[in-house]
Visitor: 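Please read through the structure below; I'll follow up with questions.
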Amino acid sequence: MDYAVRATAAEKLACDCLIVLLFEKKKLDQSTIAIDELTGGAVTTALKSGDIGGRCGEKLVLYDPPGLKARRLMLLGAGERKQFGSKALADALSDAVAELDRAGSREAALLFPAALEADSQVHAAARALVIRSEERLYRFEQCKSEKNPPRRPLRRLLLLEPGRGRRRLLEKGLEQGQAIAEGVRTTRDLANLPGNICTPTYLAEEAKRLGRRYDKLKVTALTEKQMERLGMGALLSVSRGSRQEARLVVMEYRGGKPGSRPVVLVGKGLTFDAGGISLKPSANMDEMKYDMCGGASVIGTLQACAELDLPINVVGLVPASENLPDGAANKPGDIVTSMAGITIEILNTDAEGRLILCDALTYAERFKPAAVIDVATLTGACIVALGHHISGLLGNDDGLVEEVAAAGESIDDRAWRLPMGEEYQKQLESNFADIANIGGKGAGTITAACFLSRFTEKYKWAHLDIAGTAWKSGGKEKGATGRPVPLLTEFLLRRCKQAP
Ligand code: BES
Ligand code: MN
Ligand code: ZN
């Protein structure tokens, strides 16, 4: 959908629907009071009827409102005045957008609320409303023979704002919102594709396609042969049980000064995780096509960087493989040697994510990173700890970890830190190799991060476990979320001093 900012006076704008905000206890935003006057009290009359109060997302549509050129006037509830901010606006508005898209409005306009005062709020609100609206409008129909688009889709949303300075902020917010939404869409599309289509090779080809689209983005992919030469014995051991060749996708976005140290993002790209010889139970196993969501979010974030033309260097690494049972597959007890030279006893072949990540994390050293963030659907234990709302966050550098958490907080894509420490590291001891790939009972998310930490000692590192947040299960809602593309992009925007 298109988004744009206009200075046009509300009464002069011809469109399918003009949207104005009201708050709980029937309080009107300052901008809505002006509309009430223009319409000879249509808003207050509607309020008196009791049909609408102002709870977040409540809607009442008036047709042919007097004094306006718009065909409809939508009163949109935005919740409590005191709690109103960019999140409440995005909640309410994305709901309205979904409704208008379904009901046949083509062009709508929001009278931008006066209640958002601070510059940062105005900027953040424009951005959030695009991200959330696009999230709601997203459909995945690539594999359906009959597509089912809305009859008259919403094509454009205008933000009406008389103040020139605020218009600049809104434009910046819309632009960032659209770039992030595009990265989210790419991530969701890749993630929703099934394992038989989205293979490691397919992931690599799609990343390369992005590389051809953006000047500053260069994409290559290492083959198994090349990985063998590098000694990536852990990664390759996972791929051995699969007929699909593994890939290590390398995306280099050069927007910063030549030679300035890049942020390296590493994403788990397990295109299907059956568990290997430690086979998973069959219920809901289809959802393990989502085990490449970390990788997809890295690809989506690099796309957002390129769209925004960010003045920073960013490298994306996506180790991609399948994990299947087979005569050549890893067996419990097998010992493999990683690129770092650390030997690993594979006590459970279903703890494969860390095996492909560890070699990619070692490979990351060659970029002399300013910071490394890896993203992975790594542990079911993370869902036990944090559910489906918040991603797990761990790392070896307090400053970096706090920076990641703050970025997530400010763009409503949250992550929560879990502890690490020697007592957890001890759980990885092996009688036969340098370390085991599982940490036994308890603290599964932490011991997985401890495993990765053995390979990240040479740089500042943070780890996001997105097992609970990368997709939604079951029912109509089932599908990839595109998280944590917003968090990662916000992190990079902050490093460029371009965040709200
Ligand atoms: N991809 C899974 C983790 C996962 C499970 C993500 C369910 C989302 C939902 C990962 O490869 C895995 O199987 N982890 C094991 C680790 C265990 C064997 C130590 C797990 O979490 O059970
Ligand atoms: Mn697994
Ligand atoms: Zn996995």
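Counting starts at 1 for both ligands and their atoms, following the listed order. What you see is a predicted model, and the numbers here were worked out from it, not measured in a lab. Every heavy atom of this structure was used, including side-chain atoms; hydrogens, water molecules and symmetry mates were not.
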Visitor: Going by side chain to side chain contact (heavy atoms under 4.5 Å, CB included), Asp374 matches just one of Leu317, Val266, Leu464, Val264. Which one?
Guide: Val266
Visitor: Give yes if a backbone or side-chain nitrogen or oxygen of Lys280 is under 3.5 Å from a nitrogen or oxygen of ligand 1, and no if not.
Guide: yes
Visitor: Could you report the tightest heavy-atom contact between Ala499 and Arg494, atom names first, then the distance?
Guide: CB-CG, 3.6 Å
Visitor: In ligand 1, which numbered atoms sit nearer than 4.0 Å to a non-hydrogen atom of Asp291?
Guide: 1 (N), 11 (O)
Visitor: Does a side chain donor of either Asp273 or Tyr290 reach within less than 3.5 Å of an acceptor in the other side chain?
Guide: no
Visitor: Which pair of heavy atoms, one from Leu230 and one from Arg366, lies closest together, and at what distance?
Guide: CD2-NH2, 3.5 Å
Visitor: What protein heavy atom sits nearest atom 10 (C) of ligand 1, and how far off is it?
Guide: Leu378 O, 3.4 Å
Visitor: Among all protein heavy atoms, pick the one closest to atom 2 (C) of ligand 1 and tell me residue, atom and distance.
Guide: Asp273 OD2, 3.6 Å
Visitor: Would you mind naming the N, O or S atom of Asp273 nearest to the Zn ion (ligand 3)?
Guide: OD2
Visitor: So, Lys472 and Glu477, do they make that salt bridge, N to O below 4.0 Å?
Guide: yes
Visitor: Does the shortest distance from the Zn ion (ligand 3) to an N/O/S atom of Lys268 fall below 2.8 Å?
Guide: yes
Visitor: Is the closest heavy atom of Trp471 to ligand 1 under 4.0 Å?
Guide: yes
Visitor: Write out the residue and atom name of the closest protein heavy atom to atom 16 (C) of ligand 1, then the distance separating them to 0.1 Å.
Guide: Arg354 NH2, 3.9 Å
Visitor: Where the Zn ion (ligand 3) is the corner point, what angle links OD2 of Asp291 with OE2 of Glu352, to 10°?
Guide: 100°
Visitor: Does some non-hydrogen atom of the protein lie less than 4.0 angstrom from atom 22 (O) of ligand 1?
Guide: no
Visitor: Protein N, O or S atoms less than 2.8 Å from the Mn ion (ligand 2), ignoring waters?
Guide: Asp273 OD2, Asp350 O, Asp350 OD1, Glu352 OE1
Visitor: Please name the pair of heavy atoms, one in Asp413 and one in Leu487, separated by the smallest distance, quoted to 0.1 Å.
Guide: OD2-N, 3.0 Å
Visitor: Would Thr379 count as being in polar contact with ligand 1, using the rule that some N or O on each side must be under 3.5 angstrom apart?
Guide: no
Visitor: Which atom names give the shortest non-hydrogen contact between Ile180 and Pro486, and what distance separates them?
Guide: CG2-CA, 4.0 Å
Visitor: Please write down residue, atom name and distance for the protein heavy atom closest to atom 15 (C) of ligand 1.
Guide: Asp350 O, 4.0 Å
Visitor: Please name the pair of heavy atoms, one in Val404 and one in Ala462, separated by the smallest distance, quoted to 0.1 Å.
Guide: CG2-CB, 4.1 Å
Visitor: Tell me the protein heavy atom at minimum distance from atom 20 (C) of ligand 1, and give that distance in Å.
Guide: Gly380 N, 3.9 Å
Visitor: Taking everything shown except Asp326 itself, do over 12 heavy atoms lie less than 6.0 Å from its CG?
Guide: yes
Visitor: Give the residue and atom name of whichever protein heavy atom lies nearest to atom 9 (C) of ligand 1, and the separation in Å to one decimal.
Guide: Met288 CE, 3.5 Å
Visitor: May I ask you to list the atoms of ligand 1 that are less than 4.0 angstrom from any heavy atom of Thr377?
Guide: 1 (N), 2 (C), 3 (C), 6 (C)
Visitor: Give the numbers and elements of all ligand 1 atoms closer than 4.0 Å to a heavy atom of Lys268.
Guide: 1 (N), 10 (C), 11 (O)
Visitor: Arg136 pairs by salt bridge (charged side-chain N to carboxylate O under 4.0 Å, His left out) with which of Asp91, Asp95, Asp101?
Guide: Asp95
Visitor: Taking only heavy atoms of Ile438 into account, list the atoms of ligand 1 that are under 4.0 Å away from them.
Guide: 19 (C)
Visitor: Determine, for Arg261 against Glu365, whether the closest basic-nitrogen to carboxylate-oxygen distance falls under 4.0 angstrom.
Guide: no
Visitor: Could a heavy atom of Ile383 be found less than 4.0 Å from some atom of ligand 1?
Guide: yes
Visitor: Between Tyr138 and Arg188, is there a cation-pi geometry (under 6.0 Å to ring centre, at most 45° from the normal)?
Guide: yes
